[in-house]
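This report refers to the structure that appears directly beneath it.
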Amino acid sequence: MALKKEKGIVIESRDIGDSDRLISLAGENMIRMKFLSKGIRKSKRRAITGTELGSLVEVDFYDQAEKEWKSIKEINLINRYDELKSNYLGTLFLMYFCELSIHLFPEGEEHPFIYQLLSGCFEYCSEHGFTYEILPFFKLRALVNLGHFPRDFYCVSCGEEIFSKSKAFFSWENREFHCSDCHSIPKDHMSILRLFDLILRLKFGNLILQKPNPDQIREADFILNQYLRSITGKEMKSYFEFYKTLGN
């Protein structure tokens, strides 16, 4: 059996039997897969924090092609994001992003960008605290990278860039942009779509320096949540408690 190594964020963790734990990683290099840590819950030598949800870890594992999970030889904790987990909102935020990553990132697929995006968001919020802007930033960038959301903003009818128009609307049900020249639009989303464009062009720290309008940030997040439901067809367990705690 070949011994391999992977680094990633634990996005799923569940107990198996009396002493084992099965985890799934948003990995840096490989496809998303399951890893089994045998006896970790009763071990006095190995720290169980390495299998904790949201932890950044490095795993040495045996590549057993005949099994649906890989057996862990050793797991090393790199970052538990203690500051982020030190309060209730931070813990809920971490759980919510991990569950969101599970729905966006199917097992067997390789998306190192998700690892980079997820670890970057956790590091920023661990250092600076949670900020609402991180929600649409993560969701939009993940959706674009995975091919679920267009990178360019063109009207579905005339094919012209919507930013050259006076008004525009994003139909999340049909996943289309409508300009006011071609359509009778129910609502003007131009300010939100310009915010989307800003999110895709700027690093997060630079986005914060732009001081985007808080109401626009919340509306952008609301639209992306609707869009995510249309893609996944699912409600996430962590969603309601997280947004209730945010005051939504």
Side-chain angles (χ1 to χ4, degrees), residues 11-12 26 32 92-93 95-111 113-114 117-118 121 131-202 204 207 210 212-248:
I11 58 174
E12 190 173 18
R32 182 185 156 203
L92 288 176
F93 162 68
M95 292 171 62
Y96 174 57
F97 265 28
C98 285
E99 188 177 4
L100 183 56
S101 299
I102 291 170
H103 289 301
L104 288 174
F105 183 12
E107 283 192 10
E109 292 189 10
E110 182 181 347
H111 294 292
F113 179 81
I114 297 297
L117 185 59
L118 194 60
C121 288
T131 179
Y132 212 107
E133 290 86 350
I134 205 84
L135 299 177
F137 181 87
F138 176 86
K139 293 168 190 175
L140 184 61
R141 287 201 161 212
L143 287 167
V144 168
N145 182 264
L146 295 169
H148 294 308
F149 194 100
R151 174 60 185 88
D152 299 310
F153 298 81
Y154 294 101
C155 173
V156 68
S157 297
C158 66
E160 295 183 17
E161 189 178 51
I162 58 170
F163 300 131
S164 67
K165 308 295 182 175
S166 59
K167 296 180 182 179
F169 175 74
F170 175 57
S171 173
W172 57 263
E173 301 98 328
N174 301 315
R175 306 175 189 180
E176 296 174 347
F177 299 117
H178 298 167
C179 80
S180 56
D181 290 351
C182 301
H183 301 265
S184 176
I185 62 176
K187 185 176 182 180
D188 185 15
H189 282 155
M190 184 61 79
S191 62
I192 303 302
L193 297 176
R194 289 191 182 281
L195 175 60
F196 282 173
D197 183 57
L198 201 65
I199 287 171
L200 294 174
R201 287 191 291 105
L202 298 180
F204 187 71
L207 176 67
Q210 297 293 315
N213 183 290
D215 291 335
Q216 291 179 8
I217 287 290
R218 288 177 181 269
E219 186 175 358
D221 187 52
F222 174 79
I223 291 171
L224 290 170
N225 285 341
Q226 299 289 86
Y227 190 66
L228 282 163
R229 289 190 190 98
S230 74
I231 292 173
T232 65
K234 298 177 181 178
E235 290 286 358
M236 288 177 283
K237 295 177 181 177
S238 57
Y239 173 90
F240 295 102
E241 184 64 23
F242 174 61
Y243 277 92
K244 184 176 75 174
T245 304
L246 277 178
N248 285 23

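Computed from a prediction, not measured in an experiment: that's the story for all the values here.
- Of the inter-residue distances, the one linking Leu246 atom CG with Glu241 atom CD reads 10.5 Å to the nearest 0.5 angstrom.
- Side-chain N/O atoms of His183 and Ser157 include a donor and acceptor closer than 3.5 Å.
- Phe93 places none of its side-chain heavy atoms less than 4.5 Å from the side chain of Thr245.
- Residues Arg194 and Phe153 are not in side-chain contact: their nearest non-hydrogen atoms beyond the backbone lie 4.5 Å or more apart.
- Residues Glu133 and Phe204 are in side-chain contact: their nearest non-hydrogen atoms beyond the backbone lie under 4.5 Å apart.
- Distance check: Leu143 CG to Arg175 CZ gives 9.5 Å after rounding to the nearest 0.5 Å.
- The two residues Tyr96 and Lys139 come nearest to each other via the heavy atoms OH-NZ, 3.0 Å.
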_Intermediate values then yes/no, side-chain contact (heavy atoms from CB on, under 4.5 Å), Ser191 and Gln216_ = CA-CA 7 Å; Ser191 62; Gln216 291 179 8; 3.6 Å; yes
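- Contact detail for Pro136 and Asp221: the closest heavy-atom pair is N-OD1, 3.9 Å.
- Using bins of under 30°, 30° to 60° and over 60° for the plane-to-plane angle, the ring pair His111/Phe105 lands in the perpendicular bin.
- Taking the six-membered ring for Trp and the full ring otherwise, the centers of Tyr154 and Phe177 sit at least 6.0 Å from each other.
- Shown here for Leu118 and Ala26, the closest heavy-atom pair between the two residues is CD2-CB, 4.4 Å.
- Closest approach of Leu117 and Phe137 over heavy atoms only: CD1-CE2, 3.9 Å.
- Residues Pro150 and Asp152 form no side-chain contact, since every pair of their non-hydrogen atoms from C-beta on lies 4.5 Å or further apart.
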*Stepwise side-chain contact (heavy atoms from CB on, under 4.5 Å) test for Leu224 and Trp172*: CA-CA 8 Å; Leu224 290 170; Trp172 57 263; over 6 Å; no
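- Rounded to the nearest 0.5 angstrom, Leu140 CG and Leu135 CG are separated by 12.5 Å.
- In this structure, OH on Tyr132 lies 9.5 Å from CD1 on Ile217, to the nearest 0.5 angstrom.
- Open room surrounds CZ on Phe222; 12 or fewer heavy atoms of other groups in view lie less than 6.0 Å from it.
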*asked:* side-chain hydrogen bond (donor to acceptor under 3.5 Å, both in side chains) for Glu176 and Ser171? Distances and angles first, verdict last.
replied: CA-CA 5 Å; Glu176 296 174 347; Ser171 173; 5.4 Å; no
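- Rounding to the nearest 0.5 Å gives a distance of 7.5 Å between CD of Glu161 and CG of Asp197.
- Summarising the geometry of Ala142 relative to Ile114, their closest heavy-atom pair is CB-CD1, 3.9 Å, with the distance given to 0.1 Å.
- Classified by interplanar angle (parallel below 30°, tilted 30° to 60°, perpendicular above 60°), the ring pair His189/Phe169 is parallel.
- Proximity of Ser238 to Glu99: side-chain heavy atoms (C-beta onward) are separated by under 4.5 Å at one or more points.
- Atom CD1 in Ile11 sits 5.0 Å away from atom CD1 in Ile102 (nearest 0.5 Å).
- Looking at every heavy atom in both residues, Phe163 comes nearest to Leu193 through CZ-O, 3.5 Å.
- Partners of Arg141 according to the side-chain hydrogen bond (donor to acceptor under 3.5 Å, both in side chains) rule, which considers only residues two or more places apart in sequence or in another chain, do not exist here.
- The number of heavy-atom neighbours closer than 6.0 Å to NZ of Lys167, taken from other residues, nucleotides and ligands shown, is 12 or below.
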Donor-acceptor pairs are to be reported for all side-chain atoms of residues 227-236 against protein atoms at under 3.5 Å, with residues two or more places apart or in another chain.
{"unit_1": "Tyr227", "atom_1": "OH", "unit_2": "His148", "atom_2": "O", "d": "2.2"}
{"unit_1": "Arg229", "atom_1": "NE", "unit_2": "Glu235", "atom_2": "OE1", "d": "3.3"}
{"unit_1": "Arg229", "atom_1": "NE", "unit_2": "Glu235", "atom_2": "OE2", "d": "2.9"}
{"unit_1": "Arg229", "atom_1": "NH1", "unit_2": "Gln226", "atom_2": "OE1", "d": "2.5"}
{"unit_1": "Arg229", "atom_1": "NH2", "unit_2": "Tyr239", "atom_2": "OH", "d": "3.0"}
{"unit_1": "Ser230", "atom_1": "OG", "unit_2": "Tyr227", "atom_2": "O", "d": "2.6"}
{"unit_1": "Thr232", "atom_1": "OG1", "unit_2": "Leu228", "atom_2": "O", "d": "3.0"}
{"unit_1": "Thr232", "atom_1": "OG1", "unit_2": "Lys234", "atom_2": "N", "d": "3.3"}

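- Annotation: Met190, atom CE; neighbour count of heavy atoms from other residues, nucleotides and ligands within 6.0 Å is above 12.
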